[in-house]
Amino acid sequence: MSWVGDRHLRVSVGEHAAEESRRLVLAATAAVHNGQIPSVVEVVPGYSTVLVTFDLAGLDARRVEGALHSALSNLPERVTPPGDGRLIEVPVCYEMPWSPDLVEVAGLHAMNTTEVVDLHCSVEYTVRFIGFSPGFPYLDGLPERLATPRLDRPRTRVPAGSVAIGGAQAGIYPRDSPGGWRLIGRTPLELFEPRRDPPSLLAAGDRVRFSPMSKDAFDRATAARGEN
Amino acid sequence: MGFFRVLEPGLFTTVQDLGRAGCGAFAVPPGGVMDRISARLANSLVGNQPGASLLEMTLTGSSLHFEHDATIAFVGARAHAHIDGVGSRPRDLREGASITVRAGETVRIGALDHGCRVYLSIAGGLRVPNVLSSRSTLPGAGFGGHEGRSLRAGDRLEFDPAPPDAEASLGEHDWSLLREITTRRDIRAVPGAHATLFDDAAGRSFWDSPFSMSSHSDRVGLRLEGPRIVPPLGGRMASEGMMWGAVQVPADGQPIVLMADHPTTGGYPVIACVSTADLPVLGQLRPRDVIRFQQVTLEESRALYKARERRLESGVPRS
């Protein structure tokens, strides 16, 4: 645990295998939220860290250090942090025009597109944290056989909801943005809606499973939302 | 209620306030005004709460046609500004003082100098929706402020007209504070999360060298040009929480200082974190301005903030 800015304190859970890091980060995040630490403004988990940001006005550094030590020293051995165990099903249309890289990904792995879709949908992914841009989930669990290098030249526009593979990572783009990941499908789910409570569909600790949906179903779902 | 129409938006003008808190876990950054000192002074001049929404203008200001009476003020970088009246000669506008605008008049804020951003406040504040508890614009994500974007010619914005306060203007204390915000070039910072991973030569190079502000800088981050600082681990690490003021060093060795709309997580090593007190100074840097970093302790950094807040509170705008 160390100050990394005059109002930012970094908690590191240490070097562990991915699943252990994940569990410890979730437990530490919960401990900070429940620990009644004064002046806390933000609690942001990472792969093996939790960043705690404070309001500098009235900050008593010694007091918050003490409160954090207390909260973190009582991390239970076996913990089910809030959010763990919540399974979110993400329907995905794997048909064109929403899957422009699917054929190439299949070819690169000597599979057909059906096998790629089946494999993509066959596992449970875990959300390590939401980061980088609003609602963007960092997902663990992509089957090794689907790991595919990023495009040499990123696209200038990847549509919101695009389901993608970037190296060994699985991801979903919350909004239209440039992107270099391989697009294999698109979900009608809104990963981020600022007027919703909570605004992000996913949170650290959630589990995700993808399931195929037809193009008709996709079109109906997005028409109902008033966009395409 | 009152309206103004944007005739010319200026280079990059957005509705901002003091930003958001508690949304980092959704990857929504704090956002809000890049120079909190100037914005708070602008709001106090028109009798607004410090957190009232106002316009942040960048490098060149806006021309706004007022359809209703308003009391406004502008504070920050030096702005050449005047009002075009109805059937009368243009009159120069003074920065740092409340100004009465009559229905039908056009406020023209031109090129800025001695700083990068100027804040235009309107008594009563801007009537834009509250999104995630703030009226700040997050342009990268397309929400907040006025339609989630910078202003364009033709935009029509609503304000809540408040009864005109007594005339107010900045006192000497405020001017001296403002001068410091727009002229300081030694940026105080504490060692960052990964400072100990940088080798001695890289550390010395960072703390001892001048860096120039690149024009590829914006509300997300300031890109600095200077000697190449060699990062550890090829400049890539596992992602972790980031903050406004973090000085990241990617593989090319050119530091990036994260600002208000920063990505909430990142994988570049962080060599330093700018003192909270000096964040408004960063918000006033122009392309080609040259800065140096000055290492301070945590205690010194917090003391700087306390001293700055005391200065802000002691200078109350007087008529």
Side-chain angles (χ1 to χ4, degrees), chain A residues 2-12 15 18 21 25 29 33 40-61 83 128-138 160 174-177 191-204, chain B residues 20-30 129-132 134 138 140-144 148 188-196 237-246 261-267 270 272-278 296-306 308-309:
Chain A
S2 56
W3 292 98
V4 292
D6 53 25
R7 52 192 285 254
H8 305 279
L9 205 146
R10 176 183 190 263
V11 175
S12 170
E15 301 264 335
S21 286
V25 166
T29 304
H33 278 297
V40 172
V41 172
E42 306 284 359
V43 184
V44 177
Y47 279 111
S48 63
T49 57
V50 182
L51 183 73
V52 188
T53 296
F54 298 90
D55 185 358
L56 245 192
L59 174 69
D60 181 340
R128 295 297 293 267
F129 53 89
I130 307 299
F132 183 70
S133 72
F136 187 96
Y138 278 68
R175 73 179 248 112
D176 290 359
S177 63
L191 259 70
F192 187 81
E193 167 45 67
R195 290 160 299 184
R196 193 172 58 198
D197 183 21
S200 174
L201 179 74
L202 301 174
Chain B
R20 300 180 168 89
C23 298
F26 309 130
V28 174
N130 233 324
V131 179
L132 290 171
S134 169
L138 187 57
F143 69 80
R188 281 78 57 99
V190 300
H194 314 113
T196 54
M237 307 178 59
S239 288
E240 60 179 86
M242 285 291 130
M243 68 284 282
W244 188 340
D261 293 349
H262 65 85
T264 53
T265 61
V270 177
C273 187
V274 173
S275 298
T276 299
D278 281 353
V296 294
T297 64
L298 288 168
E299 288 72 26
E300 287 167 342
S301 193
R302 289 171 186 145
L304 288 171
Y305 174 80
K306 280 206 174 74
R308 178 68 63 61
E309 288 297 299

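The shown structure was predicted, so the numbers you read here are calculated from the model rather than taken from an experiment. Letters A, B, ... are given to chains in the order of the sequence lines, protein chains preceding strands, and every chain is numbered from 1. Reckoned from all heavy atoms, side chains included, excluding hydrogens, waters and symmetry mates.
B:R20 touches chain A through its backbone: at least one of N, CA, C or O sits under 4.5 Å from a heavy atom, while the side chain does not. B:L138 touches chain A through its side chain: at least one heavy atom from C-beta onward sits under 4.5 Å away, while N, CA, C and O do not. Using a 4.5 Å cut-off between heavy atoms, B:F26 contacts chain A through both its backbone and its side chain. Residue contact with chain B, scored on non-hydrogen atoms closer than 4.5 Å, involves the backbone of A:S133 exclusively. In this structure, chain A has no heavy atom under 4.5 Å from any part of B:E300. There is no contact between B:H262 and chain A, counting heavy-atom distances below 4.5 Å. Residue A:Y47 touches chain B through both its backbone and its side chain, counting heavy-atom pairs closer than 4.5 Å.
Distance alone, capped at 3.5 Å, places no donor-acceptor pair between the A:H8 side chain and the A:T53 backbone. Side-chain N or O atoms of B:E240 include none that pairs as donor or acceptor with a backbone N or O of A:T49 at under 3.5 Å.
Under the 4.5 Å side-chain criterion, counting only non-hydrogen atoms from C-beta, B:T265 is in contact with A:Y138. For the pair B:R302 and A:L56, the minimum side-chain heavy-atom distance is below 4.5 Å. Using a 4.5 Å cut-off on side-chain heavy atoms (C-beta onward), B:V28 and A:P199 make no contact.
No other option in B:A238, B:G241, B:A141, B:A193 has as many heavy-atom pairs under 4.5 Å with chain A as B:A141. For the set A:P198, A:G5, A:P194, the count of heavy-atom pairs under 4.5 angstrom toward chain B peaks at A:P194. If you tally non-hydrogen atom pairs under 4.5 Å between each of B:S239, B:A277, B:P129, B:A25 and chain A, the highest count goes to B:S239. Comparing A:G46, A:S2, A:P134, A:G131 by how many heavy-atom pairs each has under 4.5 Å with chain B, the most go to A:P134. Looking only at heavy-atom pairs under 4.5 Å with chain B, the residue among A:I130, A:D176, A:V50, A:V43 that has the most is A:I130. Top candidate by heavy-atom pairs under 4.5 Å with chain B, chosen from A:S12, A:A57, A:S48, is A:A57.
Listed by chain and residue number, B:T276, B:S301 satisfy the side-chain hydrogen bond (donor to acceptor under 3.5 Å, both in side chains) test with A:D6 (two or more places apart in sequence, or in another chain). For the side-chain hydrogen bond (donor to acceptor under 3.5 Å, both in side chains) test, residues two or more places apart in sequence or in another chain that qualify with B:S134 are B:D17, B:S136.
Residue-environment remark: CZ (A:R195) stays at or below the threshold of 12 foreign heavy atoms within 6.0 Å. No more than 12 heavy atoms of other residues, nucleotides or ligands lie within 6.0 Å of CZ in A:F132, so this atom counts as exposed by the packing criterion.
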